[in-house]
2 protein chains.
Amino acid sequence: MSNVKDKKKAIFRVTLKLIAKQGFHNTPMSQIAKLSGTSAGIIYHYFENKEDLIHSLHYEVKTGMAQELISKDDPQLHIVKRFKLLYMALLDYFINNPDLVEFMLQYENSPYEKKTMWKEDSNIVKLFNLINIAVKDKLIKPLPIEIISVFTATPLVALAKLHNKGIIELTDEMKVTAVESCWNAIKL
Amino acid sequence: MSNVKDKKKAIFRVTLKLIAKQGFHNTPMSQIAKLSGTSAGIIYHYFENKEDLIHSLHYEVKTGMAQELISKDDPQLHIVKRFKLLYMALLDYFINNPDLVEFMLQYENSPYEKKTMWKEDSNIVKLFNLINIAVKDKLIKPLPIEIISVFTATPLVALAKLHNKGIIELTDEMKVTAVESCWNAIKL
DNA sequence: TACATTAGAATGAACGTTCAATCTAATGCA
DNA sequence: TGCATTAGATTGAACGTTCATTCTAATGTA
């Protein structure tokens, strides 16, 4: 039943959920172990320590996200369409994975954030390239990728979070408006 | 020399800086006490406990920010100008107060965030009203304040953070572009 | 038997919080 | 003015708990 892959996945899944709900420093390793159906000690076979577990989980989450996005991309479409489709996919992904959003935001705003290095052929890098193309085509403002992201991905996460927490309720119409807003922020 | 107000201020100042640098759970009360030039126990005269200290500090930070902003507002100007001026002021404020940005982001993305209630006449509320006016005047999209904020304040904090951490260097020109981007995201 | 895997108890350090004792300064009073 | 009283501020050691990590012994496996 439980090979290594499964056990690691279980630990990841539980850690994500617990940290989303309780925060990093309120989720003891013992609780992670118990809810993963394993023991405290075993986690240290798979991960060096708690921090390593968190960093690994974040990497997992990020690559998973990029994979999901890439799967929705359609290179046939006009590049503007592609952007909007991807932003909508991103928004939907955040709405469908509330715990992931909470975890990601906590991690990326904590002082422990490691600047993770992406493998050259990773899906993340593919997405970056799309932005570079749009810049070259003079479709969007010639700004570094980090800034483009600040005006697109960042608001979309924040928006999904509002929705997930029930502070607002996003209608389909509002989602379209939101994607438009992102595009308007960066288009030339 | 040190009346109550001063001591509380000292505790706030030190807490802000330490949490910005080390994070909530890596900032022991003892360290806060030491660097505030006081003792561990005294903090518990001013605050119920560590959480209360954090919540109070966040309230302080938020009201301070709103006050700074309001002081830059010029009701004489056209409302579009007013918006852009305020966004620029906000961006500058974040750039000039990097620790504040770190603290705010950590707090607001932690599961401990309390939905703080603002006094009806607070500066925060005044700023909200400006948005409501712009909506009525059909200058910006008719979206709830929270969403407007997601497309303006949120990217600006994130942008300032990138700059403060040295990941990008914001030129004056880029700052203007950024403010434009915010406006483009919400304008009708 | 030898080795890997696992469970869960044990360890020890870190930390939030408490509290009895002391200090400070303002007020009352002669 | 000079002394007494009081309330609040302050200290720092001590306490009890939590928790990451390690250890030990039991179990599975070849």
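Chain naming here is simple, since letters A, B, ... match the order of the sequence lines and numbering starts at 1 in each.
In the hydrophobic cluster analysis, where Ile, Leu, Val, Met, Phe, Trp and Tyr join through side-chain heavy atoms closer than 4.5 angstrom, A:Ile79 is grouped together with A:Phe128. Residues B:Leu130 and B:Val135 are members of one and the same hydrophobic cluster, defined by side-chain heavy-atom contacts under 4.5 angstrom among Ile, Leu, Val, Met, Phe, Trp and Tyr.
In this model, the phosphate group of D:dA9 is not approached by any side-chain N or O of B:Tyr46 to a distance below 4.0 Å at OP1 or OP2. Contact annotation: A:Tyr44 does not reach the phosphate of C:dA7 (side-chain N/O to OP1 or OP2, under 4.0 Å).
Contact check of residues 22-33 of chain B against DNA chain C (heavy atom, cut-off under 4.0 Å) returns B:Thr27, B:Pro28, B:Met29.
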Identify each atom pair where a protein N or O and an N or O of nucleotides 27-30 of chain D are less than 3.5 Å apart, giving names and distance.
none

Under-3.5 Å N/O pairs linking protein and nucleotides 11-18 of chain D:
residue, atom, partner, partner atom, Å
D:dT11, OP2, B:Thr38, OG1, 2.7
D:dT11, OP2, B:Ser39, N, 2.9
D:dT11, OP2, B:Ser39, OG, 3.1

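The aromatic rings of B:His58 and B:Tyr107 sit parallel, their planes meeting at an angle under 30°, below the 60° perpendicular limit. Using a 30° and 60° split on the angle between ring planes, A:Phe12 and A:Phe47 fall in the tilted class, from 30° to 60°.
The list of side-chain hydrogen bond (donor to acceptor under 3.5 Å, both in side chains) pairs with a residue in residues 70-81 of chain B, not counting sequence neighbours, reads B:Glu68-B:Lys72, B:Asp73-B:Arg82. Residue pairs meeting the ring-ring contact (aromatic ring centres under 6.0 Å, His included) criterion with at least one partner in residues 160-188 of chain A, sequence neighbours excluded, are A:Phe83-A:Trp183.
In this structure B:Asp137 satisfies the salt bridge (charged side-chain N to carboxylate O under 4.0 Å, His left out) test with no other residue, sequence neighbours excluded. Under the side-chain hydrogen bond (donor to acceptor under 3.5 Å, both in side chains) criterion, B:Asp99 pairs with B:Lys21, sequence neighbours left out. In this structure B:Lys84 satisfies the salt bridge (charged side-chain N to carboxylate O under 4.0 Å, His left out) test together with B:Glu180, sequence neighbours excluded. By the salt bridge (charged side-chain N to carboxylate O under 4.0 Å, His left out) test, A:Lys165 is found to be paired with B:Glu113, residues two or more places apart in sequence or in another chain being considered.
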Where do A:Ser56 and A:Lys8 land on the side-chain hydrogen bond (donor to acceptor under 3.5 Å, both in side chains) test, with the steps shown first? CA-CA 11 Å; A:Ser56 307; A:Lys8 267 190 113 170; over 6 Å; no
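Recorded end-axis angle for the helix from C:dT1-D:dA30 to C:dA30-D:dT1 stands at 0°, based on five pairs per end and rounded to 10 degrees.
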Listed pairs under 3.5 Å, donor-acceptor, residues 23-30 of chain A side chains, sequence neighbours left out:
residue, atom, partner, partner atom, Å
A:His25, ND1, B:His25, ND1, 3.4
A:Asn26, ND2, B:Tyr112, OH, 3.0
A:Thr27, OG1, A:Gly23, O, 3.1
A:Thr27, OG1, A:Phe24, O, 3.0

Side chains of residues 147-162 of chain B: which donor-acceptor pairs under 3.5 Å do they make with residues two or more places apart or in other chains?
residue, atom, partner, partner atom, Å
B:Thr152, OG1, B:Ile148, O, 2.7
B:Thr154, OG1, B:Ser149, O, 3.4
B:Lys161, NZ, A:Glu108, O, 3.4

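Per the geometry, CG belonging to A:Leu18 stands 12 Å off P belonging to D:dA20, to the nearest Å.
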